[in-house]
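For reference, the structure discussed in these notes is given below.
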Amino acid sequence: MTRAFAAVAALALLAACSKPAMPDKDKPVEPQSAASHDDLRRAIDDPINKAKATQSAADASAKSQDDAIEAATSGN
């Protein structure tokens, strides 16, 4: 009796399964890797751009300090 019940339950579960829907042939599928590629590029470029900006600020500060020292020592 339990084997028959198990067989009927298994057949009912298998009958409930259906094929997945086919994708629309007119619309091409977008690659999923494009988003992760952009994220990877951004992850690489962000620290480099931040370092360049910091270097520019440090150079500007150093030039300003050098100009101030030069002005103070030359007597202007």
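Of the possible donor and acceptor atoms, none in the side chain of S61 sits under 3.5 Å from a partner among the backbone N and O of A57. With hydrogens and angles ignored, the 3.5 Å screen pairs a side-chain donor or acceptor of S56 with a backbone N or O of K52.
In this structure, D39 and R42 have side chains that are in contact, with non-hydrogen atoms separated by less than 4.5 Å.
Residues A43 and P47 come closest through the heavy atom pair O-CD, 3.2 Å.
Atom CG of N49 is separated from atom CD1 of I44 by 11.5 Å, given to the nearest 0.5 angstrom.
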task = Could you walk me through whether K63 and D67 pass the salt bridge (Lys or Arg N to Asp or Glu O under 4.0 Å) test, one step at a time?
result = CA-CA 6 Å; K63 182 169 177 7; D67 291 345; 3.4 Å; yes
